[in-house]
Amino acid sequence: MNTNAFTKYLFCYFVGNKPEEERVHFAVSDDGYHFRALNNNEPVIIQNLGKKCCRDPYIFRDEDGVFHIIATDMRCYDGWCSNNSMVVWDSFDLINWENERIIDFSQFEETKTADRVWAPEIIYDKERQEYMIYWSHHNVDGDPATVIWHAYTKDFKTLTTRPALLFQPKSGMAGIDADIIEKGGKYYLYQADEAKKAICYVVADKPNGPYFEPDDNKISVADTALEGNCAYPILGTDKVVMIADQFVAGGYFMQESTDMIHFKKVDDFALDHLRPRHGSMLHITDEEYDRLIKAFGEV
């Protein structure tokens with residue numbers, strides 16, 4: 001699809017730790033900074049399979065123009081070490097979501113003891129002409145920390161490669177909530193680094209690495225702990241905005257950059273009224289925006 005047609009933003013997120021809050025929500029924006037909830041900030045998808053609760057929804061438009069949401073299949077009340085699966089939906093119009101399915105990582109030898117399969121995201125690998133799913137992962141029988149794993153798929157149903165490690169911080173401690181953005185032929189992976197208590201970056205020439213970790217790689221400028229980072233370009237500019245969940249202090253934080261590494265705080269934004277937790281952003285067209293408003297209404 002012609003990316004020049006994109007004019008608006010769709011934010012996909014969940015809102016809390018109660019089972020009824022672990023649902024997919026939508027909000028829209030004209031400028032990428034100020035957002036309005038759709039559907040009165042009520043869920044737009046109710047999960048029927050797996051844990052029947054989802055977190056960290058990632059919305060994605062594939063090379064054929066079909067939309068997908070992939071999310072953590074997890075019920076927080078079961079505990080933080082209680083899930084081994086992802087949940088996926090497909091849509092042709094952003095309104096009707098179908099083909100709900102579970103990707104269960106306990107079926108693979110490499111991940112048969114997984115107890116954390118968190119925050120999945122998808123990026124298209126142009127060289128391989130496949131989609132790379134990457135997520136925060138922990139196995140009971142050997143991993144000292146929760147780090148980033150990956151696998152390839154062509155249909156978001158079956159994997160074409162075995163699950164494998166993608167990136168682990170040099171510290172040996174946890175690095176979670178990876179978000180990969182391509183700019184200028186480089187792939188920037190942002191993740192919440194447990195050792196540095198901050199969002200940090202690593203960089204590679206390909207989506208599947210290897211990723212280089214600079215010693216001075218902290219990029220978050222918040223004075224509070226952040227996780228669930230999501231970066232996206234501001235249309236028509238050279239700016240990239242990063243939003244993140246202030247999971248201890250509460251609320252959301254926004255910062256922006258023109259070089260992917262040096263960020264400054266953004267004060268004029270509107271997200272907190274949505275009560276969002278970890279979410280994702282999709283660029284959409286005017287027609288898609290109007291269709292969403294017509295179907296769900298906006299607040």
Side-chain angles (χ1 to χ4, degrees), residues 56 58 72 80-81 83-84 105 108-111 113-123 125 127-128 132-152 161-231 240 242-248 253 255-265 278 280:
D56 323 313
Y58 183 79
T72 306
W80 296 112
C81 298
N83 86 301
N84 56 18
F105 282 85
F108 303 104
E109 183 65 26
E110 297 86 346
T111 53
T113 65
D115 64 346
R116 292 181 180 178
V117 177
W118 294 351
E121 296 197 8
I122 299 167
I123 188 168
D125 188 322
E127 183 176 305
R128 294 177 61 115
M132 188 180 84
I133 304 174
Y134 57 99
W135 67 94
S136 307
H137 189 92
H138 181 265
N139 287 322
V140 173
D141 66 346
D143 289 341
T146 306
V147 293
I148 310 305
W149 281 53
H150 74 299
Y152 278 88
T161 64
R162 310 292 296 187
L165 179 69
L166 178 64
F167 171 74
Q168 179 173 2
K170 289 185 291 189
S171 66
M173 298 178 68
I176 67 169
D177 295 347
D179 184 39
I180 300 175
I181 303 295
E182 186 272 332
K183 187 174 183 180
K186 297 289 186 180
Y187 292 85
Y188 296 84
L189 185 156
Y190 301 107
Q191 43 91 31
D193 188 302
E194 181 182 20
K196 297 182 179 179
K197 307 298 183 186
I199 306 300
C200 296
Y201 86 95
V202 295
V203 63
D205 294 324
K206 298 180 179 181
N208 61 346
Y211 281 89
F212 170 70
E213 180 182 0
D215 291 333
D216 181 16
N217 67 336
K218 175 182 174 181
I219 57 91
S220 54
V221 298
D223 56 9
T224 58
L226 302 176
E227 66 179 17
N229 45 284
C230 167
V240 169
M242 177 180 290
I243 55 176
D245 183 357
Q246 298 184 126
F247 63 100
V248 175
F253 187 84
Q255 59 184 40
E256 65 184 6
S257 172
T258 57
D259 66 3
M260 308 296 285
I261 297 173
H262 302 95
F263 285 81
K264 64 179 182 179
K265 181 181 179 182
H278 190 168
S280 57

- I would like to know whether Tyr187 and Glu182 meet side-chain hydrogen bond (donor to acceptor under 3.5 Å, both in side chains); could you show each step before the answer? CA-CA 4 Å; Tyr187 292 85; Glu182 186 272 332; 5.2 Å; no

- Task: List the steps, then state whether side-chain hydrogen bond (donor to acceptor under 3.5 Å, both in side chains) holds for Asp245 with His278.
- Result: CA-CA 6 Å; Asp245 183 357; His278 190 168; over 6 Å; no

Hey, could you give me the [atom1]/[atom2] distance between [X] and [Y], rounded to the nearest 0.5 Å?
| X | Y | atom1 | atom2 | result |
| --- | --- | --- | --- | --- |
| Trp118 | Asp56 | CH2 | CG | 9.0 Å |
| Tyr190 | Asp177 | OH | CG | 15.0 Å |
| Asn229 | Ser220 | CG | OG | 9.0 Å |
| His150 | Ile122 | NE2 | CD1 | 14.5 Å |
| Lys186 | Tyr201 | NZ | OH | 11.0 Å |
| Thr146 | Gln168 | OG1 | CD | 10.0 Å |

- Note on the structure: Exactly one of Met242, Gln191, Gln255, Glu227 clears side-chain contact (heavy atoms from CB on, under 4.5 Å) with Ile199, and that residue is Met242

Distance-minimising heavy-atom pair for [X] and [Y]:
| X | Y | answer |
| --- | --- | --- |
| Ala114 | Asn84 | O-CB, 3.5 Å |
| Ala204 | Gly209 | CB-CA, 3.8 Å |
| Lys196 | Asn217 | NZ-OD1, 2.5 Å |
| Tyr134 | Ile148 | CB-CG2, 4.4 Å |
| Pro169 | Val147 | CD-CG1, 4.2 Å |
| Pro120 | Thr72 | CD-OG1, 3.5 Å |

- Looking at residues at least two apart in the chain, or sitting in another chain, which of them share a ring pair (Phe, Tyr, Trp, His ring centres under 6.0 Å) with Phe212? none

Does any non-hydrogen side-chain atom of [Y] lie less than 4.5 Å from one of [X]?
| X | Y | result |
| --- | --- | --- |
| Val117 | His137 | yes |
| Asn208 | Tyr152 | yes |
| Lys265 | Phe253 | yes |
| Val203 | Ile261 | no |
| Leu166 | Tyr211 | yes |
| Arg162 | Glu109 | yes |

- NZ/NE/NH1/NH2 to OD/OE distance under 4.0 Å, Lys170 and Glu213: no

- Query: Is Asp259 salt-bridged to Lys183, going by a charged N under 4.0 Å from an acidic O?
  - Reply: no

- Is the Phe105 to Trp149 ring centre distance short of 6.0 Å? no

- Please say whether more than 12 non-hydrogen atoms of neighbouring residues, nucleotides or ligands are located less than 6.0 Å from CG in Asp141. yes

- Any donor-acceptor pair under 3.5 Å from Thr161 side chain to Ala151 backbone: no

